[in-house]
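All ligand and atom numbering here is 1-based and tracks the order in the structure.
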Amino acid sequence: MNVYADNAATTKMRADALAAYVETAETLYGNPSSLHTAGQDAKTLLEDCRARIAAVLGAKPKEIYFTSGGSEADNQAILSAAHLGKLRGKMKIVSTAIEHHAVLHTLNKLKKEGYEIVLLPVGSDGIVRLSDVEAALDDNTCLVSVMFANNEIGTLQPVEEIGKLCRERKILFHTDAVQAVGHTAVNVGTIGCDYLALSAHKFGGPKGVGALYARTGAPLYSLIEGGAQERGKRAGTEDLPAVRAMTVALEGSVAALPETEKKLTAMRDRLIEGLEKVPHCALNGDRTKRLAGNVSFCFEGIEGESLLLLLDDRGIRASSGSACTSGSLDPSHVLLAIGRVHDVAHGSLRLTLGADNTMEEVEYMIREIPEVIAYLRNMSPVWRDLQEGRRTFIL
Ligand SMILES: *Cc1c(COP(=O)(O)O)cnc(C)c1O
């Protein structure tokens, strides 16, 4: 059996999005900046897509800027707010310890430029405390950046409440909603954010395209200089096939949301229930305040990487929270933030389900995963030490 359970990393393109991509590339190849009919037809479609994406998010069309993806949208939002902040002598930015690297690395860059960066902790449930956010806000704060849903452990953050705190204090609020858009209801008015980042490939659209919502009046500076595309805020000829496919994928995912969320929640809960029976393990993140498709565990006495490779042999495409694969031995900053010690954080497994997964696949994983864990533990000297009392179990 082949089970793709890494939908938080990227999703397979939806059939309707792929068809829209091909059709647009074939028929509407004009440059939207050209004045002739081919260009103007492309321009009309581009603006139609903008209006449709805006409608889904509860935004105005002119508040939507197409980008190369979630990373660019995060960068542009944060750097724009920081730039205005500096002009006004406000150089403090409040965020959390569990943000995506697109946010954390941007903040790190700003820190080196002299900004004060406050990364709030999260509870062992993987959720930031509203009282911590409130306590961190002051007259020097130019921006708050808190993600809608975490990409590793799926936890949903109290963005509406944070939006309210920011509005009351006239502080700009950015939310990285890359994991949320297309997966749960997202409305910029309800959140009360000034910026919101989304990425097409996380909801059945193509890779390399996304969007930034920037509220009318929120500062926005260009990261890429050149032509006057995107009202001068993002130069470069627009990728119309990708934008159209993103629009179709977004509308399709959102239309199916009630049904998908229900189906995914049932599969997620069954998977959690099945994997919880493995001795010495722990679910990462709150049990219910999490994305419908996210399952994340730590298993004591194993290495996440070995687990991934053996699961891959059995057809299960999963992910670990650890950054070991990217050449670093540091475990995931998210797992450390929820209080997992290094050894435990290394034994992590993330399974992220999508609309294409089935309960049959979930049952397959419930049979295979505990078997592979037992096999790895049997070979592990660390496990023997734990068994024989030379080390103490943490989980
Ligand atoms: C995937 C992801 C990003 C980056 O999006 P790209 O389109 O791949 O650049 C940013 N934030 C979160 C939470 C993500 O999951």
Side-chain angles (χ1 to χ4, degrees), residues 4-13 17 21 53 64-79 95-109 119 122 126-128 144-157 159 162 173-184 186 191 193 195-213 223-224 234 236 239 242-243 245-247 249-250 253 284-285 290-296 318-323 325-326 332-335 337-338 350-354:
Y4 184 74
D6 201 13
N7 286 279
T10 196
T11 57
K12 179 183 167 182
M13 264 180 88
Y21 186 97
I53 288 177
I64 302 297
Y65 299 85
F66 297 124
T67 67
S68 66
S71 299
E72 185 187 329
D74 281 334
N75 273 256
Q76 192 171 7
I78 293 167
L79 294 174
S95 187
T96 79
I98 61 165
E99 299 298 309
H100 188 272
H101 284 139
V103 169
L104 288 180
H105 290 174
T106 305
L107 294 177
N108 233 337
K109 187 163 94 170
L119 296 183
V122 294
I127 298 170
V128 69
V144 172
S145 180
V146 177
M147 67 198 330
F148 194 119
N150 183 265
N151 46 298
E152 288 185 35
I153 60 175
T155 46
L156 302 165
Q157 305 303 317
V159 286
I162 295 171
F173 176 38
H174 165 58
T175 185
D176 172 345
V178 173
Q179 288 291 331
V181 172
H183 298 277
T184 191
V186 173
I191 303 167
C193 56
Y195 307 100
L196 179 143
L198 63 90
S199 174
H201 76 98
K202 303 289 175 77
F203 54 79
K207 291 157 191 49
V209 66
L212 172 64
Y213 157 79
L223 301 180
I224 301 170
R234 207 281 180 178
D239 188 346
V243 166
M246 166 164 72
T247 308
L250 181 62
S253 324
N284 297 317
R290 67 194 300 135
L291 290 167
N294 179 289
V295 174
S296 169
S319 155
S320 111
S322 147
T325 42
S326 54
S332 142
H333 63 285
V334 177
L335 297 179
I338 62 167
R350 180 187 74 177
L351 301 161
T352 44
L353 307 171

Item to check | side chain to side chain contact (heavy atoms under 4.5 Å, CB included) between Thr10 and Lys207, worked out | outcome: CA-CA 8 Å; Thr10 196; Lys207 291 157 191 49; 3.0 Å; yes
Next on the checklist: Under 4.0 Å from a heavy atom of Asn151: which atoms of ligand 1 are those, numbered in the order shown and with their elements?
Outcome noted: 13 (C), 15 (O)
Item to check | Donor-acceptor pair, side chain of His333 and main chain of Glu99, under 3.5 angstrom | outcome: yes
Checklist entry - Taking only heavy atoms of Asp74, which atoms of ligand 1 are found under 4.0 Å from at least one of them? => result 10 (C), 11 (N)
Checklist outcome for this item: for atom 9 (O) of ligand 1, nearest protein heavy atom and its distance come out as Ser71 OG, 2.7 Å
Checklist entry - Taking both backbone and side-chain atoms of Gln179, is any N or O found less than 3.5 Å from an N or O belonging to ligand 1? => result yes
Checklist outcome for this item: Residue, atom and distance of the protein heavy atom nearest atom 6 (P) of ligand 1 read Gly70 N, 3.5 Å
Next on the checklist: Heavy-atom contact check, 4.0 Å cutoff: does His201 meet ligand 1?
Outcome noted: yes
Checklist entry - Hey, does the side chain of Asn294 reach the backbone of Glu152 with a donor-acceptor pair shorter than 3.5 angstrom? => result yes
Checklist entry - Is Val103 touching ligand 1 with its side chain, its backbone, both, or neither, if touching means heavy atoms under 4.0 Å apart? => result neither
Next on the checklist: Need the ligand 1 atom indices (1-based, order shown) with element for anything under 4.0 Å from a heavy-atom of Val178.
Outcome noted: 1 (C), 2 (C), 3 (C), 10 (C), 11 (N), 12 (C), 14 (C), 15 (O)
Checklist entry - Can you say whether the rings of His174 and Tyr195 are parallel (under 30°), tilted (30 to 60°) or perpendicular (over 60°)? => result perpendicular
Checklist entry - If we only count heavy atoms from C-beta on, is the Val159 to Phe173 side-chain gap below 4.5 Å? => result yes
Checklist entry - To which of His100, Glu99, Met147 does the heavy atom nearest atom 3 (C) of ligand 1 belong? => result His100
Checklist entry - Tell me: protein heavy atom nearest atom 1 (C) of ligand 1, and distance? => result Lys202 NZ, 1.4 Å
Checklist entry - Among Ile224, Leu212, Val209, which one satisfies side-chain contact (heavy atoms from CB on, under 4.5 Å) with Glu72? => result Ile224
Next on the checklist: Is a donor from one side chain sitting under 3.5 angstrom from an acceptor on the other, for Asn150 and Thr155?
Outcome noted: no
Checklist entry - Can you tell me the protein heavy atom closest to atom 11 (N) of ligand 1 and the distance? => result Asp176 OD2, 2.7 Å
Checklist entry - Are there more than 12 heavy atoms of other residues, nucleotides or ligands under 6.0 Å from atom NZ of Lys109? => result no
Next on the checklist: As an exercise, identify every atom of ligand 1 less than 4.0 angstrom from a heavy atom of Gly69.
Outcome noted: 7 (O)
Checklist entry - Which residue and non-hydrogen atom of the protein lie closest to atom 7 (O) of ligand 1, and at what distance in Å? => result Ser199 OG, 2.6 Å
Next on the checklist: Do Gln179 and Leu291 make a side-chain contact, defined as non-hydrogen atoms from C-beta onward lying under 4.5 Å apart?
Outcome noted: yes
